[in-house]
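We name chains A, B, ... by the order of the sequence lines, and we start the count at 1 in each one. Note that this is a predicted model, so its numbers are computed, not measured.
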2 protein chains.
Amino acid sequence: MKEHSCTRCDQYSDSGPCPRKVPIFISLSDKEILKITRMVSQKQFKKGQALIHEGEKSDKLFIINKGQVKRSKFTVNGKEQILDIMTCGDFFGEMNLFNTEEVNNFTAYAIDDTEICVLTKDDIDVIMSAHPDIAIKLLKEVTRRLAHTENLAQSLATKDPEVRIAQMIVEYCDKFGTEVKEGILISLPITREEIASYVGVTRETISRKLGKFEDLGLISLVGNKKILVKDERSLIEYIE
Amino acid sequence: MKEHSCTRCDQYSDSGPCPRKVPIFISLSDKEILKITRMVSQKQFKKGQALIHEGEKSDKLFIINKGQVKRSKFTVNGKEQILDIMTCGDFFGEMNLFNTEEVNNFTAYAIDDTEICVLTKDDIDVIMSAHPDIAIKLLKEVTRRLAHTENLAQSLATKDPEVRIAQMIVEYCDKFGTEVKEGILISLPITREEIASYVGVTRETISRKLGKFEDLGLISLVGNKKILVKDERSLIEYIE
DNA sequence: CTATTAAGGTGATATAGGTCACTCCAACGA
DNA sequence: TCGTTGGAGTGACCTATATCACCTTAATAG
């Protein structure tokens, strides 16, 4: 269970060097962190801005220091598919570090005002040759992300929209939920339309199914940006 | 374009040590390869046999030496989702090497009589500490596989079954096709039912859509195990 | 505070693909 | 060679969700 504004950041001073916040660098000493901190260049992005574009070349690793980022793919007719929502400490762009001939496989948007640390491929090469265990950390994270994406694919292919929506709610309990007396309160970082783009249905279907779950007493909609999950257990059963 | 029986193997003696066939070991010297060859244990699997099961613990890397393997996930009600078909030189099981607390995220079946080389986590640790660049090779492969799975997820979520089927045919032209005078002849390693499980539709829909594509003159069905693609260009346009 | 725009809800309708039931065919073993 | 079995094709029907059109509510700027 994670606070909406990221817990990993809160462990450290808010203004501290961002490499400190990144799990893949966690094993490094203060001196080494300092060295990396000097390499990174900081970038600010306003809510709604794109950080990278699908199809473009890149050789940079993006590490989220503050804010939230959605990774999306678009079809030719403009239909969006959200891959995931990333928060503080998460990174992306790693594919282009190791496959230099490939282009970005997705577009990334700031969904809040966002602060990003950027490391170039050259920086990473230097860091990794000095600290080979960082490659292992990366492998750990990337292989886990692969498993998560495989689960997403399975879910999209084999499960009914209704079940997928229940699944999304349960996932977001972990990711964006805080425990309150009546259950778990999810602070959504995205709109209904974006939820639809994540679950692979239309906005209308999201409205209707959330309404249905509310009627069943499983959840309670609090404005448009919050969902109170009153009966997570039943939602999990729903998923089977 | 790849021959059905894998080209990577054919580059070397058929009976040669399997680490030679694996791209991630390609940079190693003969002496080092020999060392690894002594570590691997060979295993044989008959057509249809499961190599590993979803949900079970494992700390082994499986490298395909001969034959073909499908990686699948199943829902509680037995619906299969095929993640991909792997051939000679491909590996799987890497997630469990780096996330030791995790269980297998998929089941793997031999779809031919198959020969597998198995390396344990301990072996890999030894190899990687001696050759840090192997971690990079792994990262290269895994990040690319992640991109491919993200594409699969997008396709399942945003594209019509009909389009996904066209997409699958185009993908299989590359993977299982050989050029012939009339076009590209795909030798399918799987049944209609399995195609359906890959594309995320029912067997009936596969039958009907393949029939439709045949009527349109785009393909020609040759028995049940071959598809002659007469007009790949139009299929690609179909995908948009 | 109002005006404007973006986001969200909802009813009516159409339809693609799922489901079911059956037939046909091909592969394989005896 | 036949017979058995699993794979594949096909028609009839059904239903969940996309679509379309419209209305309502929330957010934002001036």
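- Comparing the start and finish of the helix from C/dC1-D/dG30 to C/dA30-D/dT1, five pairs each, the helix axis swings through 50°, to the nearest 10 degrees.
- Ranking D/dT17, C/dG11, C/dA21 by closeness to the A/Arg208 side chain, first place goes to C/dG11.
- Taking the salt bridge (charged side-chain N to carboxylate O under 4.0 Å, His left out) definition, one finds that A/Glu102 meets it with B/Arg144, sequence neighbours left out.
- Atoms CD1 (B/Ile165) and P (C/dA16) sit 14 Å apart, rounded to a whole Å.
- Salt bridge annotation for A/Arg71-A/Asp84: present, with a cationic side-chain nitrogen under 4.0 angstrom from a carboxylate oxygen.
- Nucleotide D/dA27 holds its P atom 7 Å from the CG atom of A/Asn224, rounded to whole Å.
- Candidate nucleotides D/dT19, C/dG8, D/dG9 were compared by shortest atom distance to the side chain of B/Ser207, and D/dG9 ranks first.
- Between D/dG7 and B/Arg203, no contact under 4.0 Å exists linking OP1 or OP2 to a side-chain N or O.
- Within 4.0 Å of B/Glu193, counting heavy atoms only, lie sugar-phosphate atoms of the nucleic acid but no base atom.
- Checked against the 6.0 Å centroid criterion, the rings of B/Phe45 and B/Tyr109 do not qualify as a close aromatic pair.
- With respect to B/Lys70 and B/Glu194, a salt bridge is recorded, a charged nitrogen being found less than 4.0 Å from a carboxylate O.
- Contacts of A/Lys209 with the nucleic acid, taken as non-hydrogen atoms under 4.0 Å apart, involve only primed sugar atoms and P, OP1 or OP2.
- Put simply, A/Thr205 has no side-chain N or O that comes within less than 4.0 Å of OP1 or OP2 on D/dA16.
- For the pair A/Leu221 CG and D/dA26 P, the computed distance is 13 Å after rounding to whole Å.
- With salt bridges taken as basic N to acidic carboxylate O contacts below 4.0 Å, none links B/Lys230 and B/Glu214.
- Of the options A/Glu150, A/Gln154, A/His148, a side-chain hydrogen bond (donor to acceptor under 3.5 Å, both in side chains) to B/Asn105 is made by A/Glu150 and by none of the others.
- Relative to the ring axis of A/Phe106, A/Lys73 does not place its NZ or CZ within 45° and under 6.0 Å from the centre.
- A straight line from NZ of A/Lys79 to C1' of D/dT19 spans 11 Å, rounded to a whole angstrom.
- In terms of the side-chain hydrogen bond (donor to acceptor under 3.5 Å, both in side chains) criterion, residue partners of A/Arg145 (sequence neighbours excluded) are, by chain and number, A/Glu94.
- Rounded to an integer number of Å, the gap from NZ of B/Lys47 to P of D/dG6 is 14 Å.
- Taking only side-chain atoms of A/Glu162, from C-beta outward, the nucleotide of C/dA26, D/dT17, C/dG8 with the closest atom is D/dT17.
- Residue B/Lys225 is classed as having no contact, given no heavy-atom separation below 4.0 Å to the nucleic acid.
- Between B/Thr202 and C/dG18 there is a side-chain N or O to OP1 or OP2 distance below 4.0 Å.
- Going from atom CD1 of B/Ile195 over to atom P of D/dA8 covers 8 Å, rounded to whole Å.
- Counting to the nearest Å, the P atom of D/dT10 and the CG atom of B/Leu210 are 11 Å from each other.
- Nearest nucleotide to the A/Glu204 side chain, out of D/dT10, D/dG9, D/dA21: D/dA21.
- Regarding B/Asp160, its CG atom lies at a distance of 15 Å from the P atom of D/dT17, rounded to whole Å.
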